[in-house]
Amino acid sequence: MKNIRWIFFTSFRYLRNRKATRRVGPAALSIAGISIGVMALVSVLGIMNGFQLGFIEDIININSFHIRVYSNKIQPDSNIVNLLKNIKGIKSVLPFMDIQTLIKGAYSDYEAVNIRAIPENLMDYDTDMANQLNLQSGNIELTASYSIIIGTQLAARLGSNLNDNISLVSMAGSGFKNLKPSDKKFYVTGLFQSGYYNFDRSMGFTNINTSRSLASGKEKVIYGIKLENQYRDREVALLIKEQLGDEYEIVSWRDFNSSFFGALRTEKIAMMLVIGLIFIVVGVNIKHSLERSLVEKKDEIAILISLGANPVSVKIIFIIEGFLIGFSGAVIGLILGLLITENINSIFSWISSLITYIVSVFRLIFIPLKGSSTNAVSIFSSDNFYITELPVKIIYSEVLLVFLFAVLTSTLAAYSASGIISRYKPSEVLRNE
Amino acid sequence: MSNIVIENLYKSYNTGTEKLLILKNLNLTVEPNTRVILTGSSGSGKSTLLNLISGMDNISRGKILVDNYNVHQLDENTLSSFRALSIGLIFQFHYLLKDFTALENVMMPAYMTGMPKAAALAKAEELIVEVGLEARMNHLPSQLSGGEKQRIAVVRSMINNPGIILADEPTGNLDEANSIKVEEILFELVNNHGKTLLLVTHDNSLATRGDRHLKLENGILVEL
């Protein structure tokens, strides 16, 4: 388009001159609206991703693995472990057995627990899992007889600490009717805090060789597999099936967690839609603001057309204006959103300090004789929340999507508003002037 | 060399309750490089005729040929190009763009047609110098007097070197001194650049400056 330059020239001039006139109001409001929308979406998505990816990492690393291979054996088979390890794309293989039973501290009641029986040297098998468990005290190795690693929340519930004795219920006897419970003494050699409450509250890790007595006999060995690339699970599952045959059931992390991950996705989409409503409000605001601007500039539009401007070119002038409003707002919102997200914990800490200061000033003014000091306010106090700070994860593809959506909303609003130009008849406008 | 041919032209408006016939079977041929002065009472259809020639209003019946363009058969793109390149419009009110300087206002029609900005500015400057407003070319319309604005509007109509200038009471809003100045400049430019001029006015004294004097009476064109 040979004459596109004059369109940009005119559009930039109109936008620049808004600053020098009272028309800055609607434009500034539109830019502020877009900024707030983008800022809110970027911040909320960053925090939500922090939570969700934290959950997902905990679940995948500790519980579901990338691929689970279910055997019908009660003993781990080192040949299977080696065979799986040699398949391309597999990073680690951990044979384990899940046993549902009851646990009891020296002075506590029985609590339900999921015992994961694993080889004594976890670090040799699955370092990701060992790291994710985030051991608070003790040793990750289960070399001592009847040693157990439990979550910090479970330990608190049992009133137990490192090196304390605890009891696990063992069901023994021939046939279901003759099963009798008996306590097996274990002692706590490690305490972990993964950050995922359910695991910290109801999981324990024991040596697979000393845990057989806890099993009812129905529990079978599962091989938990971690992949180099978790998104190649279907491809690797096929290779495993080729190697092991139909005797083994293979379940990928997508299927194992489908309902929970599906819920997380739904939650995220719902949140995006709710916050995205801001863009609809802002879009309508921009449309009305530009329509008003077009009515104010009716005579100028007629002049441009009388000078030989194509009405489509005149429309583009105002669409560019809408685009520039959206772009400016999105850039400001993006910068603010990223700054807030990256510093959210400092911001909360600052707010906590401010509240503490305000409360202490009030105390000083209204109850000066009491003499009691003000406790520091903490928004994420460990007394009230399981977390002490907000996890944050910025996914730049999502940020880009938010940015583009904001710009698109504004541009579409301008496009819609520019329709009014087609209704102007230059001869009538100029005659009425 | 540009000419205007109007054949059997009718223009009517619907007011809602009645149909107003403004132009009745109007026929006119304007030879190239001719200065035609069109007078008539208010509401006689003088401005309407200029709007029809420039394609800014639609005809009811008939045909208008400008430089062999059948104006009312042109598509939107060609009509815009025609308006930019073949005719220059001057109105009673200056109609300068408020956000642009005098120089930018003059260069705008050339810039629209694809001329590089620097060339368009140079050409605009040349024309502004010709009407003695070089000291005012970087001023906004709000900083110019009425006469200066209209002189700028006159040179703007010439920037693309159109063959035909359509002027609709160009001195109608000015005091006598400014009217004379604008009038002088307009005729000087038309003569110097060899344009065809169709000028609508209430001022009968202007009629003597044209090659032809026409009058619109009850929708009919009369040669005086």
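We name chains A, B, ... by the order of the sequence lines, and we start the count at 1 in each one.
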Interface moiety of Ile303(A) toward chain B, non-hydrogen atoms closer than 4.5 Å
side chain
For Tyr111(B), which of Phe8(A), Phe9(A), Trp6(A) qualifies under ring-ring contact (aromatic ring centres under 6.0 Å, His included)?
Phe9(A)
For Lys11(B), enumerate each residue passing the salt bridge (Lys or Arg N to Asp or Glu O under 4.0 Å) test, keeping only those at least two apart in sequence or located in another chain.
Asp57(B)
Where does Phe100(B) contact chain A at under 4.5 Å (heavy atoms): side chain, backbone, both or neither?
both
What part of Met115(B) is in contact with chain A, defined as an atom under 4.5 angstrom from a non-hydrogen atom: side chain, backbone, both or neither?
backbone
Where on Asn51(B) is there a heavy atom nearer than 4.5 Å to chain A: the side chain, the backbone, both, or neither?
side chain
Non-hydrogen atoms of chain A under 4.5 Å away: do they reach the side chain of Glu104(B), the backbone, both or neither?
side chain
Is chain A contacted by the side chain of Leu89(B), its backbone, both, or neither, given a heavy-atom distance below 4.5 Å?
side chain
Of the backbone (N, CA, C, O) and the side chain (C-beta and beyond), which part of Leu96(B) lies under 4.5 Å from a heavy atom of chain A, both, or neither?
backbone
Under 3.5 Å, which donor-acceptor pairs link side chains of residues 160-170 of chain B to any protein atom two or more places apart or in another chain?
unit_1    : atom_1 : unit_2    : atom_2 : d
Asn160(B) : ND2    : Ala84(B)  : O      : 2.9
Asn160(B) : ND2    : Pro109(B) : O      : 3.1
Asn161(B) : OD1    : Lys195(B) : NZ     : 2.4
Asp168(B) : OD1    : Ser47(B)  : OG     : 3.1
Asp168(B) : OD2    : Ser47(B)  : OG     : 2.8

Ionic contact status for Glu398(A) with Lys268(A), cut-off 4.0 Å:
yes
Aromatic ring centroids of Phe93(B) and Phe91(B) under 6.0 Å?
no
I'd like to know if the side chain of Asn345(A) reaches the main chain of Leu390(A), judged simply by a donor and an acceptor atom lying under 3.5 Å from each other, with no hydrogens or angles considered.
yes
